[in-house]
Every structure is written in structure tokens, then in C-alpha cells.
Amino acid sequence: MSLAAALSRIDADLDASLARLFEIIRIPSISTDPAYAADVARAADWAAKDLASIGFEASVRPTTGHPMVVAHWTGPVERDAPHVLFYGHYDVQPVDPLNLWERPPFEPALITRADGSKMITGRGSADDKGQYLTFVEACRALVATTGKLPVRVTVFLEGEEESGSPSLTAFLEANKAELSKDLALVCDTGMWDPTTPAITATLRGLVGEEVTIHCADRDLHSGSFGGAALNPIRVLTKILAGLHDDSGACTLPGFYDGITDPPKPVTDAWDAIGLTPEEFLGPVGLSTLAGEKGRSTLEQIWTRPTCEFNGIVGGYAGDGFKTVLPAKALAKVSFRLVRGQDPAKIRAAFRAYVTQSLPKDARAEFKEHGGSPGLALAFDSPSLAKARDALTEEWGKPALIIGAGGSIPVVGNFKQQLGMDSVMVGFGLDDDRIHSPNEKYDLTSYHKGIRSWARILAAL
Ligand code: BES
Ligand code: ZN
């Protein structure tokens, strides 16, 4: 009965929920770029005030990096257990290339498509402001209609997720007692498709490396010196090209050591849903799988590790032409890891390979950009089953247990540091363009996402 009232309230209050989402999207909380540090802090303040307006005891907690937001529900609850810790992040990715955005990234809008469906536009609309607010807005409706929450809730929001979570480990260590709860709920993942809800049970980890190859002690004229002087772009690209063999596998020694497939019932279920390369790649203008030969689409994005190049810089790439032989060249390389791989070993193997491949007169400089292991969570815990039933109720279709190709480092920290399991529920879609220009969040993701959390909280 009380759930029904909360669900009606969510429907009636959707415009106001949307207005609140627009407010936080307007704050450009780009965590990786120091130029936006004040905006990141402003977003943290907004998030804390928003939670306080529901009745949470909310605080902004400084760290050596961007602040965390912690908010406890200290009002009445229906049941004392479980005490859940909800996690989301209020920071966003950079917006470049800006010229490809159809509307300004931090001026959100509600757009109606030709088929009548609606979407919310803006950086962070899906990843993760819209997603984290689905939970907060569900709490708001439950409190407004019942005066209480179904279970005890603490909300924990990070402002550094998109930049490798540098302050996270120390923060969790220092606030262990306050943040260790019975269960973590994480809203930073996606649905299977626009009408099929999902719980994510595997995440890939990440090792980020930046390597700079230095050769001459200055830029040189490529006519005067070309041929005789070593070119760092040639050195770098040859090294990068050596990281994959013809079957698409990564060549680093020991790269695949320790990997095991998920349990058979899970892989069988994934085989049954299937996903052809055309279905997955068609919408982004591609047709053929580029990863390890002999591996299915779902394996390539969920259960197999990768080595990818995310950026490469060297010499002159501006308008016109410059006959320069540069002094250095740089690449940003990332490895997506699956359970069983050790991030430290992968980083060491990469550095050893690069160093061994250097010709005389070339020198490599490395910079670390975060590392987190791949994870496989329990596929059959009681809380997962409850969340699954609640999602199935809301969407009128069985919720699937899926994997995710992306990384959410905190889930590993929760387990290792706080001994806490996570249930990952999210409402993002493959075409949300997260991390790209024209990011959007479907209005149905937001609306039914809020309704889903109200049901999940009531079911726990
Ligand atoms: N929400 C994403 C992770 C994600 C993407 C989960 C797609 C499920 C499907 C998250 O915010 C993210 O992008 N994380 C970064 C982490 C990195 C910077 C350490 C990532 O995966 O690149
Ligand atoms: Zn995210």
C-alpha cells in the first residue's frame, strides 16, 4: 500500500525530479581537469543540500582530491535491516570534442524524438548524475508518502570516479566504521536493452598507463636531421603495434594467466541471449568484431581482457604542415582486466615490454593512471534475487544478470576494504553515448529507474 503511494508520487513529481537533475547537470563537475575543481566542489555541495532537503544528515567531506558526500538517513525506518550503502558518482568526463555536441553539454534539455519518446541531454545525464538521482528521488518519494524509508540507508557519492578514484582507498580506510553496511547498492551500470532490466554481476578492471618516448633533446628539422636522428613517433608506434598479434590477442607475457570463465549456468544464459556483431556494432557504424578471434560479442565486451590505445600525441598535428622531427611522443594505453588478472603484474609486464623494445638513444618515461582488478560478484545472493524480482515487477519482463565492460573501482574496494558485497542495478542504455559528445539519458530510464529503486528498497 505504502509502495503504491510512493509510486504514484514518483509519477506525479516527475517534472520536479527532472528539474533537480537539470540543476546538477548544469554544474560542469569534470574531475580529471584541475580547471574545474571549484565546479566539482559546487556539485558536491549541491548533492549534499539535495539529500538534506529529503531529511538525510548530509555532509561534504574533504579529501586530498575532490570531496566525497556522505548522507545518513536518521529518520524512521520500517525495518532495521539490512542497512544499505548506496553509491553513485557526481563527477563527469571531459566534453571534448566540443564542436560535435548538438547542444551545449552543460545546458540540459528534454528532447522529444520522432517516435514520441523523450531523452534528457547533457554531460553526466546518464553517467552518473541521472543514474544516482534515480535512487535519491525514490527515497524522496518514499519519505514524502510514508514519512520513513523501508530500510536504513546511507548515501555515499564520489567525485573522482571518472579520474581513477585517487582518494578512495584512504577515505574508505579512514571512515570504515561509518561506511561498512550490510550491502552496497550501486547505480552506475546499464540495462540489457531499452525494455529489459538487468543486474550487473561482472565488471572489468582497468590499468591505465601513459608512456612518453624521448629521443633527441629538442625538436629537429626533419630535412637536416631526418634519416640520421631517431624519431620517437616511429619508436612508439612500433612498440604499440607489437602489443597485439594477428588473432587480436595481447602479446604481453602472462597477460591471460589466472583467467577463468564465469560459472556455466551464467555463460549458458548469456549464450541464450546472444548478441550478433551486427546488432552490437551496427548502431555505431561498424560491422565486424575487432577483438580476439573465436570469441563472441559478449565475451569480447564482458569476459575477455583488452589492450587499447586511448590517445596518442607527437609532433605537429595542427592545421597546415610542419616538417618537424619531434623530441618526444606519448601514448595513453589502457588494459581492461577480468577476474584473475593482477593489475600490478600487468602494469609491470607492460613497462618491461616497452623498456626491452627501446632502441639505443630512446628513453621511456611512465606515468600511472589508476588500477583496479576485474570482478565477478555473487550471481545468486538473496538480495540480488529480491532486486531482480522488484525489477521484473516494474518492467514487466524478467531482469537479466549481465556483465559490464566498464570499470567501477569502488566495487572492488567495498569488498576488499569493507567486506561488503554490492548489487549493481542501473538503467543506462548502449546508445547513451557516455564519455562521448551528445550524452543522453532516456526519460524512461530516469522515471522507471526511480520507480525501480522504490520497489527494490521496499523488497529488501
Ligand atoms: N559508469 C561507468 C562504468 C560502466 C560503463 C559500467 C558501462 C557499465 C557499463 C563508469 O563511470 C566509468 O566510466 N568508469 C571508468 C573508470 C575509470 C576511469 C577508472 C571507465 O570504465 O572507464
Ligand atoms: Zn559512471
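Just follow the structure's listing: the first ligand is 1, and inside any ligand the first atom is 1. Quick caveat, the model's predicted, so the values are computed rather than measured.
Counting only heavy atoms of the protein, atom 5 (C) of ligand 1 lies nearest to Ile434 CD1, 3.8 Å.
Contact annotation: for Thr200 versus ligand 1, there are no heavy atoms closer than 4.0 Å. By the criterion of a heavy-atom distance under 4.0 Å, the side chain of Ala404, and not its backbone, is placed next to ligand 1. Within the 4.0 Å heavy-atom criterion, both parts of Glu162, backbone and side chain, lie near ligand 1. The proximity of Asp188 to ligand 1, defined as any non-hydrogen pair under 4.0 Å, involves the side chain as well as the backbone.
Near Arg336, meaning under 4.0 Å from any of its heavy atoms, are these atoms of ligand 1: 20 (C), 21 (O), 22 (O). Interface atoms of ligand 1 facing Leu206, defined by a heavy-atom separation under 4.0 Å, are 17 (C), 19 (C). Applying the 4.0 Å criterion to heavy atoms of His89 picks out, from ligand 1, the atoms 11 (O).
Looking only at distances, no side-chain donor or acceptor of Asp432 sits under 3.5 Å from a matching main-chain atom of Ile434. Counting only distance, with no hydrogens or angles, the side chain of Thr200 and the backbone of Thr202 share no donor-acceptor pair below 3.5 Å. Between the side chain of Glu107 and the backbone N or O of Arg26, no donor-acceptor pair lies under 3.5 Å. A donor-acceptor distance shorter than 3.5 angstrom exists from the side chain of His244 to the backbone of Cys307, with no hydrogens or angles considered. The backbone N or O of Ala198 lies less than 3.5 Å from no partner atom in the side chain of Arg388, so there is not a single donor-acceptor pair.
A salt bridge does not link Asp431 to Arg433: none of the charged side-chain nitrogens sits closer than 4.0 Å to a carboxylate oxygen.
Pairs passing the salt bridge (Lys or Arg N to Asp or Glu O under 4.0 Å) check and including a residue from residues 154-171, sequence neighbours excluded, do not occur.
Look at Asp128 and you'll find every heavy atom at least 4.0 Å from all atoms of ligand 1. For the ligand labelled ligand 1, residue Leu203 lies outside the 4.0 Å heavy-atom shell. Using a non-hydrogen distance threshold of 4.0 Å, His435 registers as a contact of ligand 1.
Within the protein, the number of N/O/S atoms found under 2.8 Å from the Zn ion (ligand 2) is 4.
A ring pair (Phe, Tyr, Trp, His ring centres under 6.0 Å) with Trp453 holds for exactly one of Tyr132, Phe135, Tyr446; it is Phe135.
The neighbour count for Glu292 CD, taken as heavy atoms of other residues, nucleotides or ligands under 6.0 Å away, is above 12. Annotation: Arg61, atom CZ; neighbour count of heavy atoms from other residues, nucleotides and ligands within 6.0 Å is above 12.
Between Tyr90 and Trp46, a ring centre-to-centre spacing not shorter than 6.0 Å is recorded.
At least one N or O atom of Ser407 sits closer than 3.5 Å to an N or O atom of ligand 1.
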